[in-house]
Number of protein chains: 2
Amino acid sequence: MTSVDVARKAGVSQSAVSRYFTPGASVSKKMAEKIKVAADELGYRPNVLARAMITGKSRIIGLVVYYLENQFYPEAVEKLSIALQENGYHVLLFMASNTIGNVEPVVQTILDYRVDGIVLMSVSMSSTLADRCRDLNIPVMLFNRDQPREDMRAVISDNVAGGRIAAQMLLEGKPLRVAHLAGFEGASTQQEREEGFRAGLAEAGVPLYARAVGNYHYKEAAEATRELFNVPQPPDALFVSDDHMAFAALDVIRHELGLKVPQDVAVVGFDDVTQASWPSFNLSTVRQRLNTMVSACVDELIGAIENDDHPVRKVRIEPVAIHRGTTRP
Amino acid sequence: MTSVDVARKAGVSQSAVSRYFTPGASVSKKMAEKIKVAADELGYRPNVLARAMITGKSRIIGLVVYYLENQFYPEAVEKLSIALQENGYHVLLFMASNTIGNVEPVVQTILDYRVDGIVLMSVSMSSTLADRCRDLNIPVMLFNRDQPREDMRAVISDNVAGGRIAAQMLLEGKPLRVAHLAGFEGASTQQEREEGFRAGLAEAGVPLYARAVGNYHYKEAAEATRELFNVPQPPDALFVSDDHMAFAALDVIRHELGLKVPQDVAVVGFDDVTQASWPSFNLSTVRQRLNTMVSACVDELIGAIENDDHPVRKVRIEPVAIHRGTTRP
DNA sequence: CAGATTCTTGCATACGATTGCAAAATAACC
DNA sequence: GGTTATTTTGCAATCGTATGCAAGAATCTG
């Protein structure tokens, strides 16, 4: 079923059919009616790919995500995808987990599909690739990650402020030994959260007692937690760089070490994923305002796509303290 | 950068460039070398969309998923996406959660993109739409859901067998009052799991003591659990139709009602998502062999795409009992 | 009602590739 | 080396739609 078939059936030109399906094009009521009837009868719908060839706009957004195990990502993907759908765009999904550390070929493939824009979720991009996208005039958004380049759009939480909030939440419980469980140290989120956390502690004159790295993975975080607590004087307060690792930490603390939370040790996470509020975890955490982040991401991205001189900026969202059962008031 | 540019630069015809990028086409070494040099220099890569128009193959798979809150789906999406990537296909993602109960327009939109195939993840399809896809010769795979139609491909666990397994796992603990927490009753998975579960109980001469519906949602499942246990003689064994709801049930049982699992009540879930093995839940469950399901899905789908007379069949995978800490041996 | 203005409509071309066909070039064989 | 068989290569048509342009129809104006 092509526009030519519809045109023949309706007794009009192919251009007329095309115009009927192009919002804003000029078609008389008479024609419109004839075309509508013919199109419905034949079950015709315009071929998006052919349209993309002419207009140079595919209405496809390439989304690269590292993995979906951490619940933060499915939530973000779902909301982002819905928001884009509502704007007439659709998501071509790329998992980067199997090509570890090498987003290069993935992004190449994305470009082959002539996407209108790219969202990198907690993934970063080499400078040459960023240049390439700029040359091709394809906007790239970093979501929940930042890069030094000034000409790179990004939507992130104010992670430094978030780290400070975490420090305050723990300090309210008058801790004696404060520890930090870090995520992947190459990530801007980790660097900034730790910076804010350390600053918050320093202002209160409290030293950082211990530190271990969980690389944003459950298993590594569990191992790091054992390392932190397998000492004569274990910490009594712990800031974990995301909820996903915090669950690992809680599992070890409660079920392996038999410690009481928050009496023996207080824990604060980051993200506020859905499960953080489940009674099994009841995790105090620093919320990333995901809905706000997603709208900002969509606004900036679509703005950049549809408007060539849309300014390049980094959107920074304020995080929020969420007090639950793993901190002492 | 088009193939014409490359051709001009390399001093060959445009067809030659096209052939160079078409695996299996005949190009002499001499030409190949010239084209390679020119293409690399210009950074040329074939336009997938233009290719799709000619060949009628977009190498895009439309994936419809209802929601991503239940961890089973992110895991499935991730694995499926990776497996398709490895076969040179890519996933166009559609969330059906905002268009509740109405997949119609979503699938229409998918068809507009001229996808090569469609995967419906725990979503079903009206008969007219199925007809439409058949007429367009676009294979559709149901993943983790079945429909009565014989001409509809599906990859599912043997849910009846799974229900039986759940019954056995609970019966080993010699329960007195066995209850069932059901998912969405319109879903084939629910119907079959319950059928198998009831059959398993019946064979042992054990009656079903109580039943409530959680619709595969956490909150509704929590509410349904309260309903089940807010009686003088609460159940001492519970089969929940998926892990996601089982987490809700466990949260209520342990943290609201203060009951001991498995001493006061044994619980069995279904799926074996990652978190089921976390100490906080330590959930005994019936595993769906996701890797097997995904490979089967990919094999059947790609088979159907690349081979017109690929037989239509329903692949049924055997589930596996996973004994953990929520059942009595 | 004639003339000026605005809307509609069809023609023809373009987007960036693939592919059947026939001519040219190469390989194979005696 | 001549003849035949096989590859390579370029030409030209094609996929399904959008859109600039000019001509025709409709509307407006005094």
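Hydrogens, waters and symmetry mates play no part in the numbers below; they use all other heavy atoms, side chains included. By convention in this document, chain letters (A, B, ...) are assigned in the order of the sequence lines, proteins followed by strands, and residues within each chain are numbered from 1.
The phosphate of D/dT9 has neither OP1 nor OP2 within less than 4.0 Å of any side-chain N or O from B/Tyr20. The side chain of B/Ser18 places no N or O atom within less than 4.0 Å of a non-bridging phosphate oxygen (OP1 or OP2) of C/dA17.
Against DNA chain C, the stretch residues 33-43 of chain B makes no heavy-atom approach under 4.0 Å.
Protein atom CG of A/Leu49 is 21 Å distant from nucleotide atom P of D/dT14, rounded to whole Å. The distance from atom CE of A/Met1 to atom P of D/dT17 is 11 Å, rounded to the nearest whole Å. Taking atom CE on A/Met53 and atom C1' on C/dA17, their separation rounds to 7 Å, with Å as the unit. In this structure, OH of A/Tyr113 is placed 18 Å from P of C/dG16, rounded to the nearest angstrom. One interatomic measurement links the two molecules: CD of A/Gln14 to C1' of D/dA18, which rounds to 8 Å at whole-angstrom precision. Atom NZ in A/Lys57 sits roughly 17 Å away from atom C1' in D/dT17 (whole-Å rounding). The nearest whole Å value for the distance from the CG atom in A/Asp112 to the P atom in C/dA17 is 10 Å. B/Ile54 places its CD1 atom 17 Å from the P atom of D/dA12, with the value rounded to the nearest Å.
One finds a salt bridge joining B/Arg134 and B/Asp131 here, because a Lys/Arg side-chain nitrogen approaches an Asp/Glu carboxylate oxygen to under 4.0 Å. The pair B/Asp112-A/Arg51 does not count as a salt bridge, with every side-chain nitrogen at least 4.0 angstrom from each carboxylate oxygen. A salt bridge does not link A/Asp5 to A/Lys9: none of the charged side-chain nitrogens sits closer than 4.0 Å to a carboxylate oxygen.
Within the structure, salt bridge (Lys or Arg N to Asp or Glu O under 4.0 Å) contacts touching residues 68-80 of chain B (residues at least two apart or in different chains) do not occur.
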Can you tabulate the close N/O pairs, meaning under 3.5 Å, that link protein atoms to atoms of nucleotides 5-9 of chain C?
unit_1 : atom_1 : unit_2  : atom_2 : d
C/dT9  : OP1    : A/Ser28 : OG     : 2.6
C/dT9  : OP2    : A/Ser28 : N      : 2.8
C/dT9  : OP2    : A/Ser28 : OG     : 3.2

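In this structure the side chain of B/Leu136 never reaches within 4.5 angstrom of the side chain of A/Met1, judged on heavy atoms. A 4.5 Å side-chain heavy-atom check between A/Phe143 and A/Val65 finds every atom pair outside the cut-off. B/Val77 places a side-chain heavy atom less than 4.5 Å from the side chain of B/Leu63.
Where A/Thr2 and B/Gly11 meet DNA chain D, the nucleotide closest to each residue was compared, and B/Gly11 sits on the side nearer the 5' end. If you find the closest nucleotide of DNA chain C to B/Ser15 and to B/Ala50, the one lying nearer the 5' end belongs to B/Ala50.
In this structure, A/Tyr44 has its ring center under 6.0 Å from that of A/Phe21.
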Output, in order, the C-alpha distance, side-chain angles, deciding distance and verdict of side chain to side chain contact (heavy atoms under 4.5 Å, CB included) for B/Val103 and B/Phe94.
-> CA-CA 10 Å; B/Val103 209; B/Phe94 293 78; over 6 Å; no
